[in-house]
Amino acid sequence: MTQAQTVLLEVKQYHGRVKNYINGQWVDSTTKEWLDVTNPATGGVIAEVPLSTEEEVRQAVQAAHEAFKSWRDVPPPDRTQYLFAFKSLLEEHKEELARIVTQENGKSIVDARGEVQRAIQNVEVATGAGSLMMGYNLEDIARGIDEDCLRQPMGVFCAIVPFNFPAMVAQWFMPYAIACGNTYILKPSEQVPLSLNFCIELLHKTGIPKGVINLVNGAKGVVDALLDSPEVRGVSFVGSTGVAKYVYQKATANGKRAQCQGGAKNFMVAMPDAQLDKTVDNLIGSFYGGAGQRCLAGSVLLAVGDVYEPIKERLLEAAKKIRVGNGLDESANMGPVISKKHQDKVLGYIDQGVKEGAKLILDGRGVSVEGCPDGAFIGPCVFDEVTPDMTIAQEEIFGPVAAIIRVKDLDEAIGIIEANRYGNAASIFTSDGKSAREFKHRVPVGNVGINVGVAAPISFFPFSGMKESFFGDLHGQGQDAIEFFTEKKVVITRWF
Ligand code: NAD
């Protein structure tokens, strides 16, 4: 038996029918509609997930609404004790959770461990809610009159999250919301429900009061029912731009707060003075980490001036060395994409690139992985001679495909980024402070990397995004999350 096969045996192969978590209980859905959850590396069914009913959503909303009445009065230092316990449990079960992430999402186990670490960091920051949600005051706004500004929880919030970070994305929101005294409903991606299910099992073990956190599985039907519930005060969404826009419009039309993160097309600019080795290492991580299915993944390399030839050669050389395999195999650098359906979509983009005249200098189509004949694998691809108007330079591919565009200067590079509809992330690689400063100042994206290929904000900072990558104003993580999950009340006091 190979080492990879031994490792595979350490993961539960079939998780059964996924349950909902409502009012502190794990409950079977009564729906007749179930979807298979598959391991994208093997194509094997690992669980079934319910498309829960409107009645089940109503029950979860009701439970959260009831729980809010007492949870809001639990002092912040007591509320955050549950998060300290949750964090300890996440630490204790880190490896188990990472393996579930890889099993249902496909990403390499190294990427999955990184994801779990980022999830834990958000729980850590949310434990500071007592300090973070403090208000402010001013004595003597008029003679003998004082004024205070308090931050208070609002009620029931929910999160609707995507497939690409099954354990982490929900933690950009949920720990902050409950630490601030709100109650919560999670709607995992129906493609990867197991990781959040496992997280909520851990949270349940902390003894958190019933109804504070609820989980309802499903897809559009559950989302619509949440957005139509008057008791739901706000929604955090992460996913593709079309759905982000839909959720934002429906939520705000129904009077809710909304923060909706959408899709991305991230450009990497390499200047002639970039340090080639380090730049290429970063580019490889950015283009191919998570098989290109990160919202911060690099997608297009804008090679400025003379750097074009050498960087192309080195990128190609490095991309060829990436080992594609089952993510649970420690030696695999890159796993499959999420599903056969998504594989077809990415392959469609590659065909389109070829049709529009780009030169496919590394072709990952038809890659095969020993022992995984039914996996949704695509090897690393590199397109050269791409022009900014091509589909592969414009649209989010969400797969392991890098496109190289030759540009004459930084101005042209920034112009291409400005013209794109998305504004999630962009990076520059340079040794010149002036170019870096200009890039940082001008580029219209929310997360900027300077000699950093994946500009992922740590949890003290907002996870930003602009243009069609974000609808709303307050972001997830850090102080923005605290602002989103509280409302301000001003009290003016005079004692006679
Ligand atoms: P998706 O939009 O298909 O699904 C996201 C969530 O929305 C899921 O929970 C899904 O059940 C729900 N949903 C899907 N269609 C819906 C509809 N018509 N009405 C209501 N709800 C619906 O996204 P995905 O494929 O799971 O995730 C990939 C996308 O997420 C990419 O576009 C990626 O860029 C984006 N993403 C963005 C960020 C960010 O920070 N901006 C982070 C991670 C992922």
Side-chain angles (χ1 to χ4, degrees), residues 33 35 37 40 49-52 57 104-107 115 118-119 122 158-173 185-193 195-196 215-228 235-251 258-266 289-299 337-339 341-343 345-346 349 395-399 420-426 445-447 454-457 459 461-472 475-477 480:
E33 292 178 86
L35 300 177
V37 180
V49 66
L51 299 182
S52 301
V57 175
E104 64 178 352
N105 168 281
K107 66 178 66 177
E115 168 176 352
R118 289 261 175 180
N122 273 284
C158 67
I160 297 149
V161 292
F163 79 80
N164 64 332
F165 285 94
M168 178 188 72
V169 167
Q171 320 300 338
W172 292 346
F173 316 110
I185 301 171
L186 284 176
K187 205 296 283 170
S189 161
E190 65 278 23
Q191 298 190 83
V192 293
S195 305
L196 273 189
L215 179 152
V216 184
N217 290 286
K220 180 171 169 46
V222 169
V223 174
D224 284 337
L226 286 168
L227 298 177
D228 284 332
V235 54
S236 303
F237 173 89
V238 181
S240 52
T241 285
V243 186
K245 211 184 271 185
Y246 167 77
V247 170
Y248 185 75
Q249 285 169 348
K250 192 170 166 78
Q259 46 178 196
C260 299
Q261 300 181 212
K265 185 78 180 172
N266 305 318
Q293 300 168 112
R294 290 183 185 142
C295 62
L296 297 174
S299 183
V337 295
I338 184 67
S339 62
K341 188 171 162 212
H342 189 59
Q343 184 187 35
K345 188 174 167 192
V346 176
Y349 274 117
E395 294 185 15
E396 179 176 47
I397 300 174
F398 228 49
N420 193 265
R421 64 191 277 238
Y422 296 108
N424 215 38
V445 304
N447 305 289
V454 181
S459 22
F461 288 89
F463 194 106
S464 193
M466 291 180 182
K467 293 160 77 181
E468 298 227 353
S469 295
F470 182 70
F471 304 90
H475 299 275
Q477 298 197 148
D480 263 37

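Start at 1 and go down the list; that is how both ligands and their atoms are numbered. Any value given below was found using the heavy atoms of this structure, including those in side chains, with hydrogens, waters and symmetry copies removed.
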What protein heavy atom lies closest to [atom]? Include the residue and the distance to one decimal.
atom	result
atom 21 (N) of ligand 1	Val223 CG2, 3.5 Å
atom 27 (O) of ligand 1	Pro162 CB, 3.2 Å
atom 40 (O) of ligand 1	Gln261 NE2, 2.6 Å
atom 36 (N) of ligand 1	Cys295 CB, 3.7 Å
atom 18 (N) of ligand 1	Lys220 CD, 3.6 Å
atom 1 (P) of ligand 1	Ser240 OG, 3.6 Å
atom 13 (N) of ligand 1	Val243 CG1, 3.9 Å
atom 24 (P) of ligand 1	Phe163 CD2, 3.6 Å

_Looking at every heavy atom in both Glu104 and Ser195, which two are closest together, and how far apart are they?_
OE2-OG, 2.5 Å
With heavy atoms only and a cut-off of under 4.0 Å, state how [X] meets ligand 1: side chain, backbone, both or neither.
X	value
Glu190	side chain
Phe398	side chain
Val238	both
Val161	backbone

At less than 4.0 angstrom from any non-hydrogen atom of [X], what atoms of ligand 1 do you find?
X	answer
Asn164	43 (C), 44 (C)
Ile160	6 (C), 7 (O), 9 (O)
Lys187	8 (C), 9 (O), 10 (C), 11 (O)
Phe463	40 (O)
Glu396	31 (C), 32 (O), 33 (C), 34 (O)

Sidechain-backbone polar pair: [X] side chain, [Y] backbone, donor-acceptor under 3.5 Å:
X	Y	answer
Thr241	Glu468	yes
Glu190	Leu51	no
Lys265	Glu395	yes

Kindly indicate whether the side chain of [X], heavy atoms from C-beta on, has any atom under 4.5 Å from the side chain of [Y].
X	Y	result
Phe398	Asn164	yes
Val222	Asn217	no
Cys295	Phe463	yes
Val235	Leu226	no
Trp172	Asp480	no

I'd like to know whether ligand 1 has [X] as a neighbour, heavy-atom separation below 4.0 Å.
X	value
Gly262	yes
Val169	no
Phe237	yes

*Assess whether side-chain hydrogen bond (donor to acceptor under 3.5 Å, both in side chains) is satisfied between Ser236 and Gln259, documenting all intermediate values.*
CA-CA 5 Å; Ser236 303; Gln259 46 178 196; 2.6 Å; yes
*Nearest protein heavy atom to atom 4 (O) of ligand 1: under 4.0 Å?*
no
*Taking the six-membered ring for Trp, are Phe471 and Tyr248 parallel (under 30°), tilted (30 to 60°) or perpendicular (over 60°)?*
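Because their plane-to-plane angle lies in the 30° to 60° range, the rings of Phe471 and Tyr248 count as tilted.
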*Check against side chain to side chain contact (heavy atoms under 4.5 Å, CB included), Lys250 and Asp224*: CA-CA 9 Å; Lys250 192 170 166 78; Asp224 284 337; 3.5 Å; yes
*ligand 1 and Gly263, any nitrogen or oxygen pair closer than 3.5 angstrom?*
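No; every N/O pair is 3.5 Å or more apart.
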*Are Lys107 and Phe165 in a cation-pi contact, defined as NZ or CZ under 6.0 Å from the six-membered ring centre and within 45° of the axis?*
yes
